[in-house]
4 protein chains.
Amino acid sequence: MPKIVDHEQYRKELLDKCFDLFAQKGYGSITMRQIAEGLGVSTGTLYHYFPSKQALFEQLAQEICEQDLSTALAELEGAQTLQESMEALGRYLVKNEDYFIKWTYIWIDFCQHKDSKKMLRNSILKRTNQRYQEAICDLLGIQDSVLPSFVVSFVDGLILEKLWGNETIDFIEQCALLGKMLTAYLPQHPAKIKTKMDFSSAFES
Amino acid sequence: MPKIVDHEQYRKELLDKCFDLFAQKGYGSITMRQIAEGLGVSTGTLYHYFPSKQALFEQLAQEICEQDLSTALAELEGAQTLQESMEALGRYLVKNEDYFIKWTYIWIDFCQHKDSKKMLRNSILKRTNQRYQEAICDLLGIQDSVLPSFVVSFVDGLILEKLWGNETIDFIEQCALLGKMLTAYLPQHPAKIKTKMDFSSAFES
Amino acid sequence: MPKIVDHEQYRKELLDKCFDLFAQKGYGSITMRQIAEGLGVSTGTLYHYFPSKQALFEQLAQEICEQDLSTALAELEGAQTLQESMEALGRYLVKNEDYFIKWTYIWIDFCQHKDSKKMLRNSILKRTNQRYQEAICDLLGIQDSVLPSFVVSFVDGLILEKLWGNETIDFIEQCALLGKMLTAYLPQHPAKIKTKMDFSSAFES
Amino acid sequence: MPKIVDHEQYRKELLDKCFDLFAQKGYGSITMRQIAEGLGVSTGTLYHYFPSKQALFEQLAQEICEQDLSTALAELEGAQTLQESMEALGRYLVKNEDYFIKWTYIWIDFCQHKDSKKMLRNSILKRTNQRYQEAICDLLGIQDSVLPSFVVSFVDGLILEKLWGNETIDFIEQCALLGKMLTAYLPQHPAKIKTKMDFSSAFES
DNA sequence: CATGAATGAGTATTCATTCAT
DNA sequence: AATGAATGAATACTCATTCAT
């Protein structure tokens with residue numbers, strides 16, 4: 001059955017190339033013709049592999065959700081102190097600003113094209129969200145979920161503000177501020193701290 | 001004398017009814033005909049009051065912003081300390097959760113349907129964003145813009161997470177945490193504080 | 001019956017102001033609202049005086065036809081020789097270029113809005129055309145109709161070329177050329193010349 | 001391979017059928033839907049071959065211009081003298097009178113629906129106009145542009161007068177007159193003459 | 001008389017989708 | 001499998017005209 005293998009593989013190749021196309025213009029604005037052109041195929045071929053624009057998009061969203069974050073977040077690991085971690089987070093956001101904005105657009109588009117009740121049951125979406133949160137837990141060295149939710153929300157909001165054209169926000173500055181606030185806050189609420197990370201610096205500053 | 005209509009007042013009435021219409025389908029998906037039908041007028045009449053779909057949206061945004069600000073102000077004005085303010089903010093968010101989710105969704109959808117470069121030059125939306133930020137400045141009694149940006153981003157992100165179906169986030173809990181973090185942070189960085197608000201409680205906890 | 005007089009008079013006043021409005025944008029492009037604004041009245045008032053856009057335009061066309069050319073053509077009278085006359089014609093065309101282009105547009109619009117068979121019977125239109133031709137006859141001092149038709153056609157074409165955006169045509173230069181051609185041609189075909197004008201200069205050059 | 005259609009050839013077929021459609025209603029009044037119906041295709045197909053109404057018209061203009069030039073050339077090529085050329089031109093105009101009137105009408109109507117400033121920059125229309133002028137240059141055997149402009153304007157005006165319902169103008173008579181005037185004028189201004197054409201007849205009459 | 005709010009069919013153009021080749 | 005021609009309903013927006021006040 002080599003044909004089936006080829007078909008499936010080619011479909012995935014096309015799907016991969018779709019991320020940038022959707023992200024650049026958004027689900028609503030990009031046309032199937034533009035996608036076909038971007039992929040270097042005809043609209044007929046595109047419809048041969050994907051039954052509709054909606055289906056294509058849903059497959060893409062699923063694909064994105066299943067991407068592994070670990071490599072991306074690995075960049076943040078070198079930091080010695082919380083402050084350094086947060087500053088690394090800031091640099092990471094700056095570097096990937098465009099990507100995150102695109103990602104947010106696609107995500108919102110995805111939400112728009114599902115009934116919200118199905119959404120909540122959509123395990124893929126939920127799992128992805130959770131994974132992000134866990135990554136933040138590790139970064140902070142904290143077990144509690146309230147603080148990581150705080151950080152995740154803050155980061156989401158940072159990206160959202162940029163998406164809204166707010167040019168006055170500086171990711172580096174904001175993350176540094178987050179670092180200082182955590183550093184000021186955590187020593188006063190020590191019960192929630194994991195043992196993994198050294199917060200001695202917090203007491204020095 | 002024409003038919004007795006207070007143009008300005010009728011415009012505002014129409015505007016108010018538009019929020020739900022946009023919320024149902026999003027900026028991009030709803031058509032001017034559907035809006036007109038929803039308002040019970042003809043498309044011609046709709047265009048008599050609003051020169052374009054975009055202008056209609058921008059006027060709605062301005063209206064919404066002013067309403068938000070005045071309700072929020074009323075809601076938060078009883079608070080004596082920063083902590084109380086933040087807790088009131090949490091309650092306010094919970095109370096209007098659906099509304100904020102819808103509004104955030106509409107706004108993002110609008111942004112996606114414009115060139116981001118044109119968006120940035122759009123003075124109405126810019127000014128609207130600024131006014132939210134200024135309100136936070138007043139709330140915190142702070143002149144600096146970094147900290148208000150922090151708070152705005154955090155609140156945005158909170159709503160965005162909910163929009164994405166994250167049910168584990170608790171607005172009250174999160175805002176209380178924000179209050180504690182600010183309370184821990186601000187006394188150590190007193191230069192940025194206005195005189196208006198009393199932070200003595202921060203030293204007690 | 002003072003009311004009727006006022007009504008009629010006001011209608012004529014409005015009509016006069018319409019020429020520029022129609023000429024600037026053309027029948028098809030100008031809207032009744034724009035006309036009303038240009039006249040400083042409401043659309044309702046405009047419709048009070050003119051039953052429809054078409055009727056307004058037809059009344060305007062009639063008015064234009066009935067305008068007397070004598071004042072305009074008086075400018076050409078000072079010339080002593082044919083060559084001078086033609087050069088004066090060139091200057092006259094340059095001075096009134098915009099007016100003639102507008103006039104041509106309106107004229108074409110008028111033709112468009114009549115069946116051509118009615119057009120041919122339209123005595124006003126015909127009479128106006130004739131009057132132009134007669135004016136040229138006087139200018140040339142010629143009784144024959146072929147030569148004046150030639151000149152009229154040439155002038156029409158000059159304006160038409162300008163209307164088509166041909167910037168390389170110079171009215172002065174072209175009319176001077178017409179003068180030279182007539183001066184070269186007429187002495188060889190003297191039978192058609194009236195006695196009024198002196199063409200001795202033609203033999204000198 | 002798609003449906004077997006020679007895109008380019010089909011486009012020209014459609015274009016040819018467009019002339020009559022434009023002639024019936026004018027550029028401004030005919031709608032793309034009506035054109036599509038007249039061609040027996042859907043609006044989608046029409047836009048598949050022509051990106052816009054304006055582009056459709058410009059392509060038509062180009063096509064028409066090329067056809068005109070080749071038919072005119074065939075018609076006039078037998079002429080031995082300038083006078084014969086002009087008489088052939090007259091016969092050619094008479095033969096195609098209706099066609100030229102329609103085309104002139106369409107063209108003016110098109111100009112009215114554009115900003116004249118944008119029109120001037122429109123290279124397609126400019127080039128089309130230029131080609132007519134160049135053809136006259138070749139016909140007259142003249143390099144200078146003033147005289148060809150004269151002839152072009154005259155011919156334009158002849159048609160315009162007919163368009164306005166002037167029945168007294170006779171193309172043959174007028175063109176013969178043009179021939180005589182040129183024949184009288186040119187020998188006295190020999191510097192501008194090319195070598196290609198024989199003007200000896202001019203000296204005989 | 002005068003106003004301008006209201007109408008709704010009409011405009012150029014777009015685009016997801018189908019299907020003959 | 002692959003192509004791209006064909007479709008036609010849908011989009012934002014316009015405008016001559018009507019009519020209640």
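Every chain is numbered from 1, with letters handed out A, B, ... down the list of sequences.
Under a 3.5 Å cut-off, the side chain of Lys53(D) and the backbone N or O of Tyr27(D) do form a donor-acceptor pair. The main-chain N or O of Phe19(B) is never found under 3.5 Å from a side-chain atom of Lys102(B) such that the two would form a donor-acceptor pair. Thr45(B) places no side-chain N or O within 3.5 Å of a backbone atom of His48(B) that could act as its donor or acceptor partner.
One atom, CG of Leu46(A), and another, C1' of dT18(E), lie 14 Å apart when rounded to the nearest Å. Atoms CG (Asp6(D)) and P (dT21(E)) sit 16 Å apart, rounded to a whole Å. Protein atom NZ of Lys53(B) is 17 Å distant from nucleotide atom C1' of dT14(F), rounded to whole Å. What separates CZ of Arg11(D) from P of dA5(F) is a distance of 13 Å, to the nearest Å. Atom P of nucleotide dA16(E) and atom CG of Leu56(A) are separated by 11 Å, given to the nearest angstrom. For the pair Arg33(C) CZ and dA2(E) P, the computed distance is 19 Å after rounding to whole Å. In this structure, CD of Glu8(B) is placed 15 Å from C1' of dA5(E), rounded to the nearest angstrom. Rounded to an integer number of Å, the gap from OH of Tyr27(A) to P of dC15(E) is 13 Å.
Listed nucleotides: dA16(F), dT11(F), dA6(E). Nearest to the side chain of Ser42(B): dA6(E). Side chain of Tyr10(D), nearest nucleotide from dA6(F), dT3(E), dA2(E): dA6(F). Closest to the side chain of Met32(A), from the set dG8(F), dA6(E), dA16(E), is dA16(E). Picking from dC15(F), dA12(E), dA12(F) the nucleotide with the shortest atom distance to the side chain of Tyr47(D) gives dA12(E). You'll find that the side chain of Thr45(B) is closest to dA6(E), out of dT7(F), dA6(E), dT14(E).
At a threshold of 4.0 angstrom between heavy atoms, the contacts of Ile30(C) are confined to the sugar-phosphate backbone, with no base atom among them. Tyr49(A) comes within 4.0 angstrom of sugar-phosphate atoms only, judged by non-hydrogen atoms across all strands, and of no base. Nucleic acid contact class of Thr31(D) (heavy atoms, under 4.0 Å, all strands): sugar-phosphate only.
Here His48(B) does not reach the OP1 or OP2 of dA6(E): none of its side-chain N or O atoms lies under 4.0 Å away. Between dA5(E) and His7(B), a contact under 4.0 Å exists linking OP1 or OP2 to a side-chain N or O.
Annotation for Asp109(D) and Ser29(D): closest pair OD2-N, 4.4 Å, computed over non-hydrogen atoms. When all heavy atoms of Leu46(C) and Val41(C) are compared, the pair lying nearest together is N-CG2, 4.3 Å.
Each of Gln34(B) and Gly44(A) was matched to the nucleotide of DNA chain F holding its nearest heavy atom; the match closer to the 5' end belongs to Gly44(A).
Not a single donor-acceptor contact under 3.5 angstrom links the side-chain atoms of Thr43(C) to the base of dA2(E).
Atom CH2 of Trp107(B) is separated from atom CG of Leu60(B) by 9.0 Å, given to the nearest 0.5 angstrom.
Annotation: proximity of residues 14-21 of chain D to DNA chain E (heavy atom, distance under 4.0 Å) is found for no residue.
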In dot-bracket notation, what is the pairing pattern of DNA chain E, taking Watson-Crick (N1-N3 plus N6-O4 or O6-N4) and G-U wobble (N1-O2 and O6-N3) contacts under 3.5 Å, with [ ] crossing and | for other strands? .||||||||||||||||||||
